[in-house]
Amino acid sequence: MVRAIARIDLGAVERNCARLKATLREGAELCAVVKADGYGHGADACASAALAGGATRLAVATGAEAAQIGRRFPHVPLLTMGALTPEDLDAALAAGSDVAVWRQGFRSLVADRARAQGCRARVHVKHDSGMGRLGNPDPIEVKALARACAEDPDLELAGVWTHFATADEPNSDFFEEQLDRFAAVAEAVKAEFPATIAHAANSAAVFRDPRSHFDMARCGIAVYGLDPFQGDPAERGLAPAMSLRSYVADVKQLAPGDSAGYGQTWRASAETRVGVLPLGYGDGVRRGLSNNAEVLVRGRRRSLVGTVSMDNTTIDLGPTTDVEPGDEAVLIGTQEREAILAEEMAARLGTINYEVTCGISARVPRVGE
Ligand SMILES: *Cc1c(COP(=O)(O)O)cnc(C)c1O
């Protein structure tokens, strides 16, 4: 019996990476994205499993993440993708990470810091092909930056890259537009500097269009067996790695009209029994799931009733139930023949699977198995 636990199926992470690697065009590398503690799954253990499954590189978002992963995997090429403060830049470079560059000012800062640390910094020049976020939107400036990096003795031009805004939206053709814009930039940079790798694809793009694979794909969500298109991951040969489990701490009898939880948002319409689960929004079981979710106990779906509180959640077990205190409760994952996907929880919350697993709080231990 455990209060709340996120079990991480590391074999699934490994197989998901093998599946992604097999989908990539010949010669393209798989870079496993382990930012935000591996999308809430535990970065270190998932990175190991991803490498075992065929990933040859890792990526993170922040300087602190680079420090953690760089220390743990000193021989695996690492890319820090995010914008960095000077302090974060120092941390990323000290960790041996490649960094992203899209302005001349930051390029010279990277060169200064690398020289101060006595190393050469590997940089990936970022083209903003339409995401409208990080990156340089002007192809001429991207090419000039690449040249400046290649000519700088403190820098090594390692990559040219971009990020898609709509790879997961099958009905949008903006993806193709971004792809065409980036392909032209990548081709020009590689013509001048053939050792440079080009990369663009996230998980959705990998499944959507092999033209997006270039020399490497940066996959996060699919590594964890979550569907980049918010459908059923099994349809793409992916297996969810995380399950979120708790147990029935108490079973109580309610009479018609009795309520459960803060604000009396649910009342028993007839005699029934209610199970109390000792986890709540303090664990990342979002309050938006109040009267709006199902939980598995003894292989059956039970309605979450009442308001999710910080440390407790209630479920309706019906008037005649064999459920007893101590029984396992599954909020995400499988039990007997039933399954609740993170995608289902996300749909109920009006969000995406990414936010569901990232939102499972640090109070819930991650246990790899
Ligand atoms: C998070 C991230 C990825 C991974 O995207 P998924 O959709 O999780 O595969 C790739 N590239 C960048 C720049 C990212 O920030």
Side-chain angles (χ1 to χ4, degrees), residues 13 16-17 19-21 23-24 28-41 43 46-47 50 53 55 57-63 65-66 69 77-84 88 92 97-102 123-137 158-170 172 175 178-179 182 186 197-209 212-231 233 236-238 240-242 342-343 346 351-359:
V13 171
N16 293 332
C17 286
R19 163 89 181 105
L20 286 163
K21 179 74 184 151
T23 307
L24 289 179
E29 284 187 78
L30 175 62
C31 173
V33 179
V34 296
K35 63 191 179 187
D37 199 25
Y39 292 42
H41 293 63
C46 289
R57 293 170 178 255
L58 298 169
V60 294
T62 73
E65 290 171 348
I69 295 296
L78 174 64
L79 170 63
T80 305
M81 301 184 292
L84 298 169
D88 291 339
S97 178
D98 299 12
V99 297
V101 164
W102 57 89
V123 297
H124 296 240
V125 174
K126 186 162 194 185
H127 176 215
D128 177 4
S129 58
M131 181 66 152
R133 216 173 57 175
L134 305 179
N136 194 313
V160 57
W161 64 305
T162 196
H163 193 42
F164 295 113
T166 60
D168 58 347
E169 289 170 38
S172 156
F175 171 81
Q178 278 196 269
L179 181 53
F182 176 68
I197 65 163
H199 51 103
N202 56 3
S203 301
V206 165
F207 290 110
R208 177 171 176 152
D209 188 345
S212 72
H213 296 180
F214 295 95
D215 302 307
M216 176 178 107
R218 306 180 308 270
C219 294
I221 199 79
V223 165
Y224 308 99
L226 300 166
D227 186 42
F229 304 95
Q230 304 301 315
R236 295 188 171 76
L238 302 171
M242 178 190 284
E343 288 77 7
T351 183
I352 52 176
N353 48 11
Y354 297 69
E355 197 182 33
V356 167
T357 62
C358 282

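Numbering of ligands and ligand atoms starts at 1, following listing order.
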Q) Of all the atoms in ligand 1, which lie at a distance below 4.0 Å from a heavy atom belonging to K35? A) 1 (C), 2 (C), 3 (C), 14 (C), 15 (O)

Q.
Return the closest protein heavy atom for atom 12 (C) of ligand 1 as residue, atom name and distance.
A. H163 CE1, 3.4 Å

Q | Steps toward side-chain contact (heavy atoms from CB on, under 4.5 Å) verdict (M81, V33) | A | CA-CA 10 Å; M81 301 184 292; V33 179; 3.8 Å; yes

Q. Among protein heavy atoms, which sits nearest to atom 11 (N) of ligand 1, and what does the distance come to when rounded to 0.1 Å?
A. R218 NE, 3.0 Å

Q) Should R133 and D128 count as side-chain neighbours, where that means a heavy-atom distance under 4.5 Å? A) no

Q.
Using a plain distance cutoff, I'd like to know if I221 has any nitrogen or oxygen under 3.5 Å from a nitrogen or oxygen of ligand 1.
A. yes

Q. Side chain, backbone, both or neither: which part of W161 has a heavy atom under 4.0 Å from ligand 1?
A. side chain

Q | N or O contact, G220 vs ligand 1, cut-off under 3.5 Å | A | yes

Q: Consider ligand 1: state whether an atom of it lies below 4.0 angstrom from any non-hydrogen atom of C219.
A: yes

Q | Y39 neighbourhood, listing ligand 1 atoms whose heavy-atom distance to it stays under 4.0 Å | A | 1 (C), 4 (C), 5 (O), 6 (P), 8 (O)

Q. For atom 9 (O) of ligand 1, which protein heavy atom lies nearest, and how many Å away is it?
A. S203 OG, 2.6 Å

Q. Between atom SG of C31 and atom CG of L78, what is the distance when rounded to the nearest 0.5 Å?
A. 8.0 Å

Q. Among V34, L238, T357, which residue meets the side chain to side chain contact (heavy atoms under 4.5 Å, CB included) test with Y224?
A. V34

(Q) Just to confirm my output: which protein heavy-atom neighbour is closest to atom 7 (O) of ligand 1, and how far is it? (A) Y354 OH, 2.6 Å

Q | Side-chain touch F207/L20, heavy atoms, less than 4.5 angstrom | A | yes

Q) Just wondering, do R208 and F164 contact through their side chains at under 4.5 Å, heavy atoms? A) no

Q. Does some side-chain heavy atom of C46 sit less than 4.5 Å from a side-chain heavy atom of Y39?
A. no

